[in-house]
Each structure stands twice: as structure tokens, then as C-alpha cells.
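Below is one structure; the comments refer to it alone.
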Amino acid sequence: MSFTYRLMLRDLRSGDLLTLLLALIISVSTVTSIGLFIDRLQLSFEQESANLLAADRLIRSDDAIPNIWQTKADDLGLKHAQRTSFTTMMFAGDSLQLSQLSAVSEGYPLKGAYLIDDTLFGTGSASTGMPVQGEIWVSSRLASLLNVTIGDQIEVGDVTLTVMKYLVRDPGSSTSAFAISPRAVMNMVDLAATNVIIPGSRVRYSLLLAGEKSILDQYEAWVMPQLNEGQRWQTPTQRGERIGDTIGRAESFLLLAGTLAVVMSGVAMALASARFVKRHLMQVAILKTLGATPQLLGKMFLQQLLTLFVAGAVIGLVIGWGIQEIIASLLSGLMSTTLPEPSVSRLWLGATTGLISMLVFCLPLISHLTKISPLSVLQPNAKVELNTFVIYLIGFIGLYGLMCVYTNGFLLPSIMTAAIFGIALLVAGMGWLAFKLGRSLTSGATSGWQIGLASLYRRLVPNLFQLLVFTLIIMLTLILIGVKSSLIADWQQQLPENAPNHYLFNVQANQIEQINNETHKLNVQTSDWFPMVRGRVTAANGVTVQSLYPDDKGEPELYERELNLTWSDTLGKGNELVSGDFSAQGLSIEQRVAKEAKLTLGDQLTLNIGGNIMTLPITSVRTVDWGSMQPNFYLILPKSALENYPANFVSSLFIDDASAQPFYKAMSQFPTVSILNVGDILKQIQSIIGQLSQAIQLVLFCILSAGALVLLASVRSTLEERLEEGALLRVLGAKSSLVRQALFVEFGALGFFSGLIAAIGAEMCLYGLQVFVFNADASFHPLLWLFGPLIGVCVISTIGIFASRTVLKVPPMLLLRGL
Amino acid sequence: MSRNTAIKVTNLTHTVTSNTGDLTILKGINMEIKESESVAIVGASGSGKSTLLGLLAGLDVNTSGEIVLYGNPFSSQTEEQRALARGQYVGFVFQSFHLLPSLQAIENVMLPAELKGDKKARQKAEALLEKVGLSHRLTHYPNQLSGGEQQRVAIARAFASDPKVLFADEPTGNLDEDNGNLIIKLLFELNQSQGTTLVMVTHDNDLAKMCDRQLIMSSGQLTEKSL
Ligand SMILES: Nc1ncnc2c1ncn2[C@@H]1O[C@H](COP(=O)(O)OP(=O)(O)O)[C@@H](O)[C@H]1O
Ligand SMILES: [Mg+2]
């Protein structure tokens, strides 16, 4: 074994390297576990989105899909399937009905599953398959209209198909767009024989693709130049609506937590590195005296650090993976499917964080170490000048970079950095004042109380630095707790018990009365009835949508599809006016879609409603609480504009399990009315929220434990000096109870001040985070001001006393000699 | 008797920066020390003896003038070269021992040989510790040893690299009389048996008298004490 490792093992035995190793392990494991977990959540979210698309990628086309596109997919090893959708007349016995029919090829859906049932208007269960040759699956609504049940025959063009299932939900239809027309799905092999598709038919062809992202990218690059006007490349939407919001915020929280973990591990590494270097100052000087060259020492330390890093990283990664598995197992029920395995490639994040914070904090110190002359260490009068400012500056820049990589952006790290600098200033100013005040109050130090306060001022700079560390950790804790509670409260508020779980739509004006009677009998409350008319935005400020988005790229949702329009004189429940005047004779637009389409008050939108064109100015912008489960609309028109159009009505209602069956039965009197059951989705959201709350609690716990360890490391780093002083006091005759009292006062005061400043800082940061990151309303947190100082005093004096416990028992002589 | 020159110092000046401004500790020192000579440097506390000793051993670089130790012109060498020279020619014993607290006695003594990649470091260290009478204390840590024992370990360590010159800065300053005498006996014994040049800073007149020459340090100047 080489000298380097022998020396290292000896250091390890003495505990000098242990602090650094521990800091490294904490740092790697926290960042790893949170990074992996966020990754899993994101992957699972992508999977969910893919389910909505029924594929990883999709090409939508107005013309038949060229064969070569499929051949190419085969060549690349991508899975593919086709869907052809069109509107056609269907016949069953005497009934006929225009309906939406999809023919799907073998393998469809590539992602997700059909929801089907054997009973009319059932809630459905996931099916792995699709209709086989000769079969057709129809929606309950279509079955009612055609008066068919399972086993009956339906004619589609020249082909007769047998109804096998009631179709509840297509995997390819997004929940946000209500498929109002009756629907059915059949196998592609029967399509040609029907002869319903003739030149000029309005048909939408889709090629669905699934496979590795890199291959999909390759395919995209190949196919994009070949797309014509009527063809479009689609990827899973990044954000579904409600679940997306909830998960999005949880992601933001975890990201924030991860960033804080990076900062904490940075602090831990900085402290441990400083201690490492301090403990090695003498070693280096002596080795130099004995003839060790700077080159040898540099190589030696580098080798030691790298070895330490490998050990710390491996242990940290294993622990991090374990923690992440525990978090994930708590979330096992999340999102109907199992959470995907985390990508191993994400492991580098934790490891890099450890490596960078170690290099950034250790290397400058060590390169300095190898350069200083041994005499300046061994000569008792000479002060070793370590340029700590530069070192911490370099360290901080490194941390900032890491945070940016971590959050994949600059906003969060910048807020944090600004906050930390602000806090540093605050700490320096307030701490100096407080320590000075403490000293002037305690001239003639005789009690432990006085000795404790006086020593705060005596070692001003180290104490201020320690105050900063304490403050940062407590502040981060308070921020996380604050964000967590407001997040969870927000979610719970978003989905109250008895939130509507069914929508009724396609209701004619003259049916409202009867339906109200039925629901009244069942003791079920409906929301208001909203008239609904379908229409499409064709132009904004006189410029047509086609010329605004010639190649359909980045087309905002508002222009992309046919919209449900309503009119109303009053702002409905869950809607809030942001700007403008709701009662004005113009359009009221939802804020998010307005932003996406870059529209503001006064812009003119042209709408095509059933072939009639009208142009209206935007006169108000509102936010919509999508969680309220009320019927909500992107655009609300003035009554005068829509009054004369044939409308049907929509409402939402809450139906508990007991009244579900009688309600469905009652509704069968109204075969034209569509019922959309979103209860399952709601239950899913509620369980996701419950589990996410648990996950967040757990992550919080992990970070707080890491924080406590950092505090411990920080206390230990200055403990030696404090104890040396304590030992001196005892040599001079002080009882160890006095020394303990003095230590208690010193740590208690440090804890109190850091808790107080942390509360100030946390309140400011929470404001920034709520407003800029979570897009929520700012609120005041009175409890922070109580808990900050309280936590500070309790935790820090406990840790301080705990850390110095054993040493207080040791005879002072031994202490003085050992230090 | 004409012996080879071990150390030659010409016009040595040394200035340090302290809190209160620049401080010139050594002001134009000239001297020569022959091989296997024993030299005592005496003088008031704070007169610059330790600084001079450190510079002679190449532990720091002087501001101006020239120090040559066995052909090594320290002030014009790189730290790399000085370190090699130290490893080859120099042993150093400090007033406050300066053992590495995380290493056992034997490990402290093994350091110089280990640095040179000597495979027999342990046997050598054992032999040296036996010579200084500590063969029963090999695996003790410095804080488990008395001051006298620590200094004996330090001496063993200084001799472990077979130095040509041994520098000792008040080696008995922190020790009681008995222990001090033991240390002095050891130093001179080793000095004689190995032919090492001994340069020692001391306050102890008796000790100084045992040396071949005495140099007096005062206000940054060095004068020879006439015998
Ligand atoms: N690196 C330094 N920085 C500041 N002052 C120093 C430094 N080195 C030595 N001194 C000062 O120079 C003077 C001489 O120191 P030193 O050589 O230790 O004297 P001696 O060993 O004779 O007691 C002392 O006053 C000491 O404080
Ligand atoms: Mg001295």
C-alpha cells in the first residue's frame, strides 16, 4: 500500500477524514434520492401523457398515411399502428345515427388502454385489447340512440358488425375535450369492405408511433420535411389539466427541495473541507519539514480526495437509491400504473454535486496548503492567512452552477442566491449588534450566563459565520415547511369533498326541468346549467389563424380545436376577474389561454359558429379554478351574441355510489343526453394528492435530517476552540457545570438569533416563491416567527450540549494536551 | 583541522509583514558552519533565533542575502528543490515537539523514510525509538505521551532521515530538568555517533557551553561569543 493510503487510513482512524466523508455521503445521498424521485415522477407523468395520446408520437393527416412512413418505422424498430377516424351513418334495425367512427389497426393503442364495460352507462374497466374483425364497440350513448345492446348487429356501409362492448373512454381522447357525438370503434381490417370512405370524405388519418426517444427523434428528423399542410407531428402534451397542475407543483416543490439539498450539502462540504484543511495544516507543515515536495503533497491530497470521493459517492448513491425506493414505495398506488424505474443516468447528478462541492471547497484550500512555507505554520507568532473569501466565493459560484443544472433554469437559483446574500448581510449586521450588546451587558464575567455572552463577541468572525450557517439551515427548514403546508392546503382546497363527479351535456332546454325533477328526487344537487354552443376561432385582430401559424407549429390551444362556448351575464363559481369588465359586450377569456395565444384586452377575435362569422373584442380576462369541477369555458360571450344559436346545456353534479345506479336508470329516459363520469379520475387525483403529500413529507424529513447533520458538523467545527476555552476555565477552577452553562448560553443565544433572522428571511423567500415560482397568492406566516427562534434555541443548544457532552467529562489536562 | 562547509550565510536579511507593519527580524547576517560542528545560538526571546534557524533549514525563504546548505542555494531554488534538500540533509526538532496527533509514535518516526519510499521504514523507526528508550511506547499517540517522551519521539523522527544537519529549536524549553538532560544527552550522542552537524537554539547556558561554538543573536545581528 502506498504512503498516501497509509497516511489516509491513519487519518481515517483518528476521525479527521470522517467528517468530510460524512458530509460527502449526506450530500450525495440527499441530492441523489431527490433527483431520482423527481425523475421517476417525471417519467411517470410522461407515461400518463403518452396514454392520452395513445402513443409516444403521432402524425395526424388529412390524407392517407404514405406506406413508406410505416416502412421507415419498421426499419428503425419503432412500434406503430394506425387510426382512421371519420363521421358516418350507422344503421341498426329501423334506427340510424350519424356517429364518429374510428378504425384501428393491430396493436392499437400503443400506450394506454380502452375503458370498456358490459353494462350500459357503466363506469368501465381497462381493456388490453381492441375490437377484432367483425366486432364493433359503441359508446353507451350511441347504443341508446341506435337501440342496440351487446350481441346486436350494426351496419356500417356494406359491412355488418356485432356490438361486443360499451365504450367508455378512448385512450386517444383527452379528458379536456368532451367527445360529444356518439362514438364507435372497429377493426381496421373491416374498413375497406365498408366502402364508406370515398374521395372527398372528411377523414382524419393518424399514424401512431412508440419507441425509444432517440429513435423517435431520428424518425422525427426524417419525417418532418415531408409533412404537408394537413399533416402534423404531435408529442404528448406536457401538462394535462388538473393532474398536471398538482403534479407540476409537487415537482416544483421537489425541485426546490432538491435545490435546498444542494445548498445544504454545499454548506456541509464547505464546513467539512475547512475542518479537513485546518486539521491538515500541521501535517503539511511537518511533512514539508521532513522533505515532502509541493508536487508530492498535491498529488497525495488529490489522490486522497478522489479516493474519499469514490467511497463517499458509492455509499451516498446506495443510500440515496434506497431512500428514493422508500419514497417511491409509499407512492406505489400513484397514477394507476406503477411508477417507472428511475433512469440510472440520473445518478450522475448526486455524484457530480458531491464531486463539485468537494473540489470547489477543498481544492483552493489545498493548493494554498501546498504552497505556504512550513515556518509560517510552525512559527507561533505567524498567522496563516487563508483567503477564505475567495474560496467561499468560488464555492458559491460552483453551487450556483449546480443549482442551475439541477433546476434546469436560472430563476430558482437566482432567488435563492439573492436570498442567501441578503441573509448574510442581515446576519453580519444583526449579529454584530447583538453580540456587542451582549458583551456590554455582561462586564465582569463571573456567571456562566455572562461568560457565554461575552465569548460570542470575543470570537466575532467565527461566531458570525456560524450564525450564518445556523440561520441558513433554519431558514431553509422554515421555507420548506411553509411551502409544504401551503401546497397541501391548496390541494385539499382544490378538491373539496363532494366535488362534482359527473357532467351532463347535450341537454336540450326543454329537458332541463325534467332532469332537475329527477335529480331532486334522488337528492342530487346539480350546478347551474350552462348553455353551450360549439365554435372555432378563425382569426385574431383580422389575421387568420392559418397565416398566424402556417405550419401548425406552436399553435395555441385556443385556435387548435373547436371550442365549447357559453354566454353568461354573471361570473360563475370558480371564475375570478383579472382585468376588464365582465358585463361589457365582448369576450371574456381565460387568463392562461390568453397568455398562450398572446392576447390582451381589446384584441379582436373572429369566431366561426355553425358557419356564421362574428368578430368581438376581448373585454375581460378571468382565471378559472379548474379544480372546482364546474363546467368551465375558455371563452364566454355576451348573451346577445349567442342567444339565437341552437344551444344545448351542460351541468355538473355529485353522485355518491348509492345513487349512481338509480340515477343512470333515470337518465335512460333521456337517451340523447351524454353523461361523463369523471369520478374515477377524481378519486385518482385525490389519491395522488394524498400520496404526493406523503412523499413531500418524507422528502422534507430527509432534508431536515440532512440539515441536522450539517448543524452538528458546524457545531463540531468550532467546538474545539470553545472546549479549549472551557478547559482553560476549568483549569482556572471553574466547575464543569459553569462551563456547561456558558456553552448553553452561547449556543442558545446563537440559536435564538439565527432562528429570528431565519424567520425574517423565510418570510421574504416564501413571498418570492409563492409569487414567482408557484404562481400563488402571497400570504403571511405568523407561526414562522414563533417557531424560528424556538427551533433555533432548542435544536442548537441541544446539539451543542450533545456534541460537547463527552468532552466535558474529560479531565481538563487531557483536553489541553490533546488539542 | 580543516572541515568542509555545511552551511554558509552571506548578508542574510529577513523581513516579515505583521499586523503592525513590516518587521525586519534579521539584519545582515554572515556566518559559516562546518560539517559535524555543534553550534549554539543564544539570545533574548524575540530576537529572531527561531526565524534564523527556520531559514537555515530552508523552511522559509529569506528576503535577501544567500544561504547555501550543502551546495543548495535556498533563496534561488524552487520550493520543490528546497523540499528535496530538506529531505536529504535536514532534521528539525521543535520546542513544542510538533508530532502529528493522529499518528502513533512509531508512525511519526516512520514518516521521513516513508516519504522517501523506504521499505524498511518500520524497522528503522523501531530501532530509533529503541535508541531513545521508547520501545515500549511504539503504538502510543502523542497525547498519551509525556512532554519528554514526545520530544524523544521528535528526535527519533529527526534522525530517521539520516540528516547531515540537525536543527533544534529550544529542544528542552518545554521540559523539566531531568527530561531536558535526557534529551540533550541523546542529541549529542546521536550528533557524535552519526557525525551530524548540530545547530541548536537554546536559553540554557550549560547546554550552550557543551557546543563547539556559541553565537549570540541580538537586534537582528549575530556575533560569535569568544571563548
Ligand atoms: N511570520 C511572522 N509574522 C510576524 N511576526 C513574526 C513572524 N515571524 C517572526 N515574527 C516576530 O519576529 C520576532 C522574532 O521571532 P522569533 O524568531 O520567533 O524569535 P525567538 O525565537 O528569538 O524568540 C518576534 O517578535 C516574532 O513575533
Ligand atoms: Mg523561538
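Quick note on labels: first sequence line is chain A, next is B, and so on, each numbered from 1. What's counted below: heavy atoms across the whole structure, side chains too, no hydrogens, waters or symmetry copies.
- Counting heavy-atom pairs under 4.5 Å between each of B:Arg157, B:Met110, B:His98, B:Glu79 and chain A puts B:His98 at the top.
- No hydrogens or angles considered: nothing links the side chains of A:Thr4 and A:Gln304 as a donor-acceptor pair under 3.5 Å.
- Taking the six-membered ring where the residue is Trp, the centroids of A:Phe301 and A:His280 are separated by under 6.0 Å.
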Check the pair B:Thr10 / B:Glu66 against side-chain hydrogen bond (donor to acceptor under 3.5 Å, both in side chains), numbers first and verdict last.
CA-CA 5 Å; B:Thr10 4; B:Glu66 186 64 88; over 6 Å; no

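- The residue among B:Gly87, B:Ala83, B:Ser161 with the most heavy atom pairs within less than 4.5 Å of chain A is B:Ala83.
- A donor-acceptor pair is defined here as one N or O able to donate and one able to accept, closer than 3.5 Å; such a pair exists between the side chain of B:Gln150 and the backbone of B:Pro142.
- Both the backbone and the side chain of A:Leu287 come within contact range of chain B, judged by heavy atoms closer than 4.5 Å.
- Residue B:Ser96: no heavy atom, backbone or side chain, is found under 4.5 Å from chain A.
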